[in-house]
Protein chains: 2
Amino acid sequence: MNKQPKYRQVADALRREIDNGAYPPGSRLPSESELSTRFEASRNTVRSGLNALVSEGLISSSQGLGYEVRKHEVFELNASRFENLTFPQNGDAYSTDVTNAGRRPSQTFRVEMTPATAYVADRLKVALGSTTVLRFCHRFVDDVPWSTQATYYPDWLAKQAPRLAEPGDIAEGTTRYLAAAGIEQAGYFDEIATRMPTPDESRLLDVGAGVPVLLWTRTGYADDRVIRCTITTFRGDLNRMNYEIGTLPDRNGDERP
Amino acid sequence: MNKQPKYRQVADALRREIDNGAYPPGSRLPSESELSTRFEASRNTVRSGLNALVSEGLISSSQGLGYEVRKHEVFELNASRFENLTFPQNGDAYSTDVTNAGRRPSQTFRVEMTPATAYVADRLKVALGSTTVLRFCHRFVDDVPWSTQATYYPDWLAKQAPRLAEPGDIAEGTTRYLAAAGIEQAGYFDEIATRMPTPDESRLLDVGAGVPVLLWTRTGYADDRVIRCTITTFRGDLNRMNYEIGTLPDRNGDERP
DNA sequence: TAGTGGTCTAGACCACCTC
DNA sequence: AGGTGGTCTAGACCACTAC
């Protein structure tokens, strides 16, 4: 006989009921004291079970309100089209994508000079701690924190293209501005990873326990030189990345009925 | 004054010490009762703090042994080279990659006929519940569970290429076998997402709390037909995916000193 | 004010590992 | 045997939300 601990039985029973649709996304679970009666367990034991489901990302809780089944709506980002080398888009790809999806984008933006961390220095091929220009975006969709994006430029490039280090927006887009300055991005290297958020990331993206982040690092090259390194941190529950490679049939919105 | 709850103070203090290197990766934390004395908190409160760090993926615990700082070694998978259309590799790309990294790959393998789930049916463009061939791999590196890979083929293709549904390995590789049968993959569509593992996935990949999974879905096309859908589930703490797009300078191992 | 979850305690017993 | 974490309880008080 393989007896499970009681808190796990609670978690399993509730998970099954959520999967079955007994508690649809957005609905509320019974209160801790009700569950405590139902499972003949102390409140603390029930809490352990609920906690497990929170860590799985299945439910969330808020003080005074109760436990709610999480709803998952995903936003797709086409990374191979995002910055297409042959068909560059006009303006900001993020705003366009979000607006096209019928949502309202907003962002805060800042520029600063900052010493390169090991991770960034490695990719930009500059010395650890050497100066870089950081252009940082904190992005929202319908006022929900969605992602952060930090782009680092090496010092030598900022000297060649001084507007990079100026606080304002670059209206025509940085890629286009750099191209006009004779720096044309010929290719990029993408790295994708996942992990649980740091406390800082939890704060910026407003995620609780049970939601991982999706980390996307794009290193851009012009000839043999690295011209930038962009680190995007997504809420894992709200985002998905796509790549199209080779020849594909047309998929003109037929996937979104 | 912004007083934090005690269990969070415990978590923050320990996280800081881990970040500082006071407890390097692989080392053990003091026992719960020692921490209980140090922080003047009950054992349960200390446990809450430790639990938070477990959920962040920073530490892990095992009965009778204590808490250990997790070490992170990542395995990189180059998804744009993985199945290069112009320079196909010989044999199994996974085994080659792992062996090249000086590690020992192993896997279990099975083939079955199974009705298409909504997710798979959507991608294969077949009816929900219609028959598909599933070729499933459970992969290990040095006997550590690493990833699972499930490839679904539509029924019509299995009729055209009958060895797909046979239980054994396909020595020359399925891509090559299909090409010989006149089915040449011309392109693919990749989707990448992350979430916390389901209980099934936790079991197969042997991950505890605080480790998300990285989900990679590759849908392969030949002309306008979908010929397969491969769903790979990685342990998020051990894997990273890469894409090379456009022209890049040679990076012949110079990144791995 | 009543009900919800959030924090904390003190103590008990069990399961696992090392010696 | 002695130390570690894992489970569970009963009860207390606090903070937030709703009405």
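The analysis underlying the following values was restricted to heavy atoms, covering all of them including side chains, and did not include hydrogens, waters or symmetry mates. Lettering follows sequence order; numbering is per chain, from 1.
In this structure, the side chain of B:Arg123 engages the main chain of B:Tyr119 through a donor-acceptor pair within 3.5 Å. Between the side chain of B:Asp206 and the main chain of B:Pro145, no donor-acceptor pair closer than 3.5 Å is present. Looking at A:Lys6, its side chain does come within 3.5 Å of a backbone N or O of A:Glu40 through a donor-acceptor pair. With hydrogens and angles disregarded, no donor-acceptor distance shorter than 3.5 Å links the side chain of A:Arg218 to the backbone of A:Thr232. Looking only at distances, a side-chain donor or acceptor of A:Asn239 sits under 3.5 Å from a matching main-chain atom of A:Arg235.
Of all the residues in residues 10-17 of chain A, not one reaches under 4.0 Å from DNA chain D with any non-hydrogen atom. Residues from residues 42-63 of chain B with heavy atoms under 4.0 angstrom of DNA chain D, sorted by number: B:Arg43, B:Asn44, B:Arg47, B:Ser61, B:Ser62, B:Gln63.
Using a 3.5 Å distance cut-off with no hydrogens or angles, the side chains of A:Ser42 and A:Thr45 do pair a donor with an acceptor. There is a side-chain donor-acceptor pair under 3.5 Å between B:Glu76 and B:Asn242. Counted by atom type alone, A:Tyr243 and A:Asn78 present zero donor-acceptor pairs between their side chains at under 3.5 Å. If you check the side chains of A:Thr230 and A:Tyr152, you find no donor sitting under 3.5 Å from an acceptor.
Distance B:Lys3 NZ to D:dC14 P: 13 Å, rounded to the nearest Å. Rounded to an integer number of Å, the gap from CD of A:Glu32 to P of D:dG11 is 17 Å. Residue B:Tyr7 contributes atom OH, which lies 18 Å from atom P of D:dC14 at whole-angstrom precision. For the pair B:Arg28 CZ and D:dG5 P, the interatomic distance rounds to 7 Å; values are reported in whole Å.
Residues A:Leu65 and A:Lys6 each lie close to DNA chain D; by heavy-atom proximity, the contact nearer the 5' end of the strand is made by A:Lys6.
Comparing the local axis fitted to the first five base pairs of the helix from C:dT1-D:dA18 to C:dT18-D:dA1 with the one fitted to its last five gives a bend of 10°, rounded to 10°.
Between B:Tyr67 and D:dG6 there is a side-chain polar atom (N or O) within less than 4.0 angstrom of OP1 or OP2. At least one side-chain nitrogen or oxygen of A:Ser31 sits closer than 4.0 Å to the OP1 or OP2 atom of C:dT4.
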key: Steps toward side-chain hydrogen bond (donor to acceptor under 3.5 Å, both in side chains) verdict (A:Tyr67, A:Glu32)   = CA-CA 9 Å; A:Tyr67 291 85; A:Glu32 292 179 348; 2.8 Å; yes

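Under a cutoff of 6.0 Å and an axis angle of 45°, A:Arg228 and A:Tyr153 do not form a cation-pi pair.
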